[in-house]
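Just below is one structure, and these are the notes that go with it.
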Amino acid sequence: MITTFTSSEVTTIALAVSFLLCAFLGSGKFRLGQIIRYYALQSLFLAGLLVSMAAYGDEHLYLSALGVIIFKVILIPAIISTSAKRSSASGRLTSFVRPAPSYFVSGITLLLAVLAGMSIAPALEETDLILTVTAFAAMFLGGAMMAVRRDLYSQIIGFFTLENGIAILAAATLGAIPLLAEVGIFFTITIGALLMSVLSRRLKELYAVEDTGELRELVD
Amino acid sequence: MSLTTLAIALVISVVGTFAAGLVALWPDPRAHRASNIILAVSAAFGAVVGIYVATGSNVSLIVPEALYPVAADGSAHAWPMFYGMVFGLDRFSAIFFSILSVVTVLVAVYAIPYLEHYAASYNVRSVNALTALFIFGMQGVLLSTNIFGFMTFWEIISIASFFLVLADGTEASRKAGFLYLIITHIGAGAIMSGLFLLSGGALLSDFSVIALVTPELPEVTFSIALGLLLFGFGSKAGLVPFHVWLPEAHPQAPTHVSALMSGVMLKIAVYGFLRVLLFMLPGVPMWFVLTIVVLGVISAIVGVLYAVLERDIKRLLAYSSIENLGLIFTMIGVGLLAGQEGSVDLTQAALYAALFLAASHAIFKTGLFLSSGVIIAAVHSRRLEAMGGLAQRMPMFSVAVCVLALSAAAMPPFAPFMAEWTFLQAVVGALTEATPMLKVALVVILAAVGFVAGLALFAMVKMFAIAFLAKPRTDEAAAAVEPKPGFLIPIVVLAFISLILGLFSPLVLNKIGAVDLAPADLGTQVISTGGGGLAPLSLFLVIAGISLALFLLRRLLSDVKFERSYQTWDCGQPTTPRMEYTATAFSAPIRFFFRFFLRAQKVVTATPLTPNNPWVASRTMSLLVSQVWYDRLYAPIGSGVTRLAGLVGRLQNGSIQFYISLILLALLVTLIVAL
Amino acid sequence: MNSIVLTVIQILVVLLIAPLSIGLTRFFKARFQGRHGAVPWLPYLTYATMMKKENVISTSGSWMLRTTPYAVLGSAVFLAIVLPLVATGGALAPSSNFIVVAAVLALGSAFLVMGGLDTGSAFGGMGSSREMTIVSLLEPTVILTFAAFALATGSSAIDGMIAGSSVAGELLITAPYLLLSLLALVLVALAENARYPVDNAATHLELTMVHEAMVLDYSGPYLAMMEYAAALKLTVFALLVANFAMPLPLIMTSSSPLDVLLAVGSTILKLVIMMFAVALLESTIAKMRFYRVQEFLTGAFFMALTGLALALLSQLL
Amino acid sequence: MTLIRLLNLLFFGPKVTAPQKNFTEVKDVDFEAVGQDVKSVIQKLYGGRSLRIRAVDAGSSNAEEIELTALNNAYYDIDRFGLSFVASPRHADILFVTGPVTRNLERALRTTYEAAPQPCLVVAIGDGACTGGIWKDSYAVVGPVEAVIPVHVRIPGDPPSPTAILRGVLHALQSART
């Protein structure tokens, strides 16, 4: 039942796979700089994906791709890395699982996400199916990263990967979100990044700890 | 009176009640008196309308369409903002509406001096407002003819009465209030889901529409709906397994509110139950009728047994309400059972007896609660053991309470006796040609009602005698004086109504539709059913004649002035009021005879003079009356729920990662399984 | 003979022979104890003497002390008028419905109890608590017994039950299954009138009293009324049980003056026989401890219940 | 069958009760004259044919009590004279007072007398009651019964036999009736 793919579909699939690859690789890295770079790369692939979808879809996607590049590739990594540097964070990330098994965890989450994606939309035709699957995969990978990692910064990056997944899902299912909404989302993400970094710096100053594990004692 | 004037009067009564609530919130101290007066006046309007509609045979359904905005095409449709809901008063709900209005007039009059006397412990403005809202809710339930209206006003009743139970802010009332809130709201949920099951989920469907839909309902949903409705109305009316809140909540509310709750709110539950049973359901399966009868009999017996044991006057009245409600439900159950088994006149007699008992219970129970308020105000305690000697100090008040207590015990010249007589006579009359199964049921019910009537007399005599007779057991009781007219008039009027309702019961029964129960050809003087007849007025005249004859004979045969008052014969040793019989001692034989059911523990502690001197200085006896239903049924459920909550609590261990993984898991499960 | 005259005759006869019942029981009991004993008509003199005495009213009582004698005697006189003791088909026969009769009995006992409590003495309280227990636990037995009779004879007015069978005592011959209900009625009569197994009428030990304790504080005319009411109630129950059991003639609307004399004579004969039976019973069995009276009451209840069941079964045959 | 034989013997058998006449005819022993107040009371109470007695112990040595209980047995049987003992002074027409009035029972005796409805006769039984007897001037005794309540009939004897008690009471009643 191999159906012939048109050239644009091939590029979309390729970009989606590489997007997933960056997310997958990023989930295993334990240095702050690396995971920020993988996140930027991932957002870049996201922008490419949007551009390829714009070919046969809506023209607005070009603008949203541009927005992705400006905000997600340049602005947010800059914010996070400057705040990390200013609060002289150790940059060494801590996690519940050691690096090797974290890949294993990400692999399983990927598998589950694909399973979920498949069961959700068997009726869609190929490209949409792949896009929804990648969206779910990205969401679950981001979630897994947040669940597994102990330190704050990787939680932020996991959260943003999750957000990327949602962006893809929105683009795949809705075609194009109205521009105003798109801009709104970007601003919220940046503010989110700002807030989270301020929070991490504050926590570092108050409790001299980056590990969310110790936060358990903050009862009332 | 034409329909429109009736409709206007009805609207005045409902709007007046609401206005009374608003006026009550006015910060001006005169607002307390004004709101109660407005409430009384509007309730009077309601009473006039209710009685006119209940007795008038021609008026079927007053829809105050005169006041609806007329639509463009001339067809009157209801107020748009009420989603086209129609409010109306038909003959059946008019009976309950007139009960509610009559009781409200008297309670409002009573509330004025009562709240002034208790201005310190109650927030007078909020209590007045909530009482008006409470009555408004009850009026609403009686007027509404669809599910949405019925349930909203039902909720208003529950919420208003919940806050009224909390009115005095003590710990006990808070505990009782929460228990009351939980049970009434589970009940309200059950009623709503039952009604939705019946009406197929249509929120605004009219009751008459539901009546058409129900016959085609599949058997399973029909019986589930019936079960839910029985639970809902049963918990509101205080049937046994769900009665636990009643003896806790009623005593905590301010007296005039607990009078309203016990007298009228329980009747609203009976109204709702009958409205569903008689007007909406085609026929009712046998198991349902038998459960009603069984629950009714059990709650009558449990209510009366605990009423005999109780030493707190308001709890005693609450348990006696449970007993009367149990009787009402037994009568309804027997009516339906007879309807199924084919003896027709027993059906009509039983149902009308239930209605009449409900009406007379509202009258005398409100009177008793109001009088318990007066006693507690005088004696500053609810315990019967702290009262005594009040009859000597408040003669007029004690005569009225004696009349109310005797009518509560279903004694001849008063209204409840007529209801019980009609029921028992119809049962005996139907015994001969009943089917074997009905015969067995009727014999058991005959024995149970007899048993309950006997113990009800015991409880009421105990309440009246220990509270009013003999010497006062405390100084407050000794200092008691005749209550102010504001307290006295409502109670005397209620006692008078109970007597008049009893004497003219054939007339009343004939007017509210029991035509062949009190046939007009006998000049509506006789209730005739099941082969027996009772003429209440001539019975009363015979008793009065005999007493008059005895009075004259005694004057004739002996010299009346040859009299001397002296202390009670005390075998030579001086006696103190503490030696009198207390409520605990008075009910000791019954407590001993039914010790298997009641499990009351008697603890007698002897305190020695000094630790090493065995000489007993004083001996105290305390009695722990265990609430069997509460300890055996509700306590285990309560502790089970709290243990479960403890387990769930352990999940919140504070680690963020744990929560995120839970969220992911949930997302995954929904994606794979649910969609 | 219209019904008014019948009722008047019944009132006169019953009210006159009432004290005789107490006198006869004491006379027979004395003879059973081998004593010569007082003359049977002594109670007439006793009540007359009491009417002459001063009426000492307790200071701790309220208006209830004064109404109790009238209420108790009123309910006893009501029963004497309404029930078919000497004549059936009297003016007030329709209101002799058994539920009304049971309720008036209970009302009389309720007032007696409240009068007992009002004096404020421990004896009054003890007697009242016991009397109230007995009365309230007897209520179902009374209703079930008369329900069985109503079922058998078809009329729920006690007057109709007696008049139903042509000659008074034929009821047991036409409906032998009513024997059990009749026994239950006898037990009810014994308990209501504070006779032997439940209470000893001639006791002086206050701790064992039930009925006597409640009238401890009445004197003079009020005491006469209370004792007369007790005697009247005993006569009413005795004649009622006799009418159900013994085939002796009652006055009907159709009876001639000779029948009236015959019926009055048979009434006195019935009273003598019943009082002899009561005296015999009281001389042969011992009084029950009060906390065992529960077994007596439960026995009476289940006897009445089985009587009713038997009556229902016999309907089917 | 023993029950029937016993009842037959009791009911129809020979009576053990002493004949009335040896209590009512009094020839040799002289009695105090019966006062006018006793006469008026007895005339008022239908000639005293049915009187009720309340026995009050005002400190007696229980000797008189045993004699009083003997009055109720089959031999003396005061029932046949219309007299019977009752539980409460409220019901009583006659008070049988026994024993000298001791200090702690004085109040009890007075309240019993005041509790009894007024036309009420007091019969002092035994020497203690009549004159204070052997305890006459003891520190614990207030005095004879008349020191506390008015006495109508006195029956001396320490203790007087049931026949003496009966004779005294019946004599008072008969002389009051004529």
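Given the structure is predicted, the values throughout are model-derived calculations rather than measurements.
- Rounding to the nearest 0.5 angstrom, the gap separating the CG atom in B:Leu556 from the CE atom in C:Met51 is 9.0 Å.
- Atom CG of B:Leu534 sits about 8.5 Å away from atom CD1 of C:Ile99, to the nearest 0.5 Å.
- A side-chain donor from one of B:Ser398 and C:Trp63 sits under 3.5 Å from a side-chain acceptor of the other.
- Residue C:Met126 touches chain B through both its backbone and its side chain, counting heavy-atom pairs closer than 4.5 Å.
- With chain C as the partner, the residue from B:Thr575, B:Leu431, B:Val427 showing the most heavy-atom pairs under 4.5 Å is B:Leu431.
- If you take SG on B:Cys402 and CZ on C:Phe111, they are separated by 5.0 Å, rounding to the nearest 0.5 Å.
- Ion pairing between C:Glu54 and B:Lys561 fails under the 4.0 Å rule for side-chain N and carboxylate O.
- Considering CG of C:Leu73 and CZ of B:Arg554, their distance stands at 12.0 Å, rounded to 0.5 Å.
- Comparing C:Ile143, C:Thr141, C:Thr133 by how many heavy-atom pairs each has under 4.5 Å with chain B, the most go to C:Thr133.
- Using a 4.5 Å cut-off between heavy atoms, C:Asp217 contacts chain B through its side chain alone, with no backbone atom that close.
- Each of C:Leu65, C:Leu216, C:Leu107 has some count of heavy-atom pairs under 4.5 Å with chain B, and the biggest count is that of C:Leu107.
- Of all the listed residues (B:Asp559, B:Val399, B:Ile543), the one sharing the greatest number of non-hydrogen pairs under 4.5 Å with chain C is B:Val399.
- No other option in C:Ser129, C:Gly61, C:Ser62 has as many heavy-atom pairs under 4.5 Å with chain B as C:Ser129.
- Aromatic ring pairs are classed by plane angle as parallel below 30°, tilted from 30° to 60° and perpendicular above 60°; the pair C:Phe290 and B:Phe593 is tilted.
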> Given C:Val135 and B:Phe458, is the side chain to side chain contact (heavy atoms under 4.5 Å, CB included) satisfied, shown in steps?
Replying inline: CA-CA 9 Å; C:Val135 163; B:Phe458 189 102; over 6 Å; no
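- Between chain B and the residues C:Pro221, C:Gly116, C:Ala309, C:Ala224, the largest count of heavy-atom pairs under 4.5 Å involves C:Pro221.
- With values rounded to the nearest 0.5 angstrom, C:Ser136 atom OG is found 11.5 Å from B:Lys462 atom NZ.
- Both the backbone and the side chain of C:Ser128 come within contact range of chain B, judged by heavy atoms closer than 4.5 Å.
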>> One pair to check against side chain to side chain donor-acceptor pair (under 3.5 Å): C:Ser156 and B:Gln425. What are the steps and the verdict?
In response: CA-CA 8 Å; C:Ser156 64; B:Gln425 187 58 54; 3.0 Å; yes
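- Put simply, of B:Gly388, B:Ala465, B:Ala391, the one with the most heavy-atom pairs under 4.5 Å next to chain C is B:Ala391.
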>> Using the rule given for side chain to side chain donor-acceptor pair (under 3.5 Å), can you reason through B:Thr568 versus C:Thr119, listing the C-alpha separation, both sets of side-chain angles and the distance that settles it, and then say yes or no?
In response: CA-CA 6 Å; B:Thr568 313; C:Thr119 53; 5.6 Å; no
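- Note that C:Arg130 lies outside the cation-pi zone of B:Phe586, set by a 6.0 Å cut-off to the ring centre and a 45° limit from the axis.
- For B:Met411, the part lying under 4.5 angstrom from a heavy atom of chain C is the side chain only.
- For the options B:Leu446, B:Val440, B:Ile546, heavy-atom pairs under 4.5 Å to chain C are most numerous at B:Ile546.
- Put simply, the side chain of C:Glu139 never gets that close to the backbone of B:Val449: no donor and acceptor are under 3.5 Å apart.
- Contacts between B:Phe464 and chain C at a heavy-atom distance below 4.5 Å involve the side chain alone, from C-beta outward.
- Note: B:Ile590 leads B:Ile590, B:Leu553, B:Leu390 in heavy-atom pairs under 4.5 Å with chain C.
- Counting heavy-atom pairs under 4.5 Å between each of C:Ser60, C:Gly74, C:Ala150 and chain B puts C:Ser60 at the top.
- Interface summary for chain B: among C:Gly220, C:Ala157, C:Ala106, the most heavy-atom pairs under 4.5 angstrom belong to C:Ala106.
- To the nearest 0.5 Å, atoms CE (B:Met460) and CE (C:Met114) are separated by 11.5 Å.
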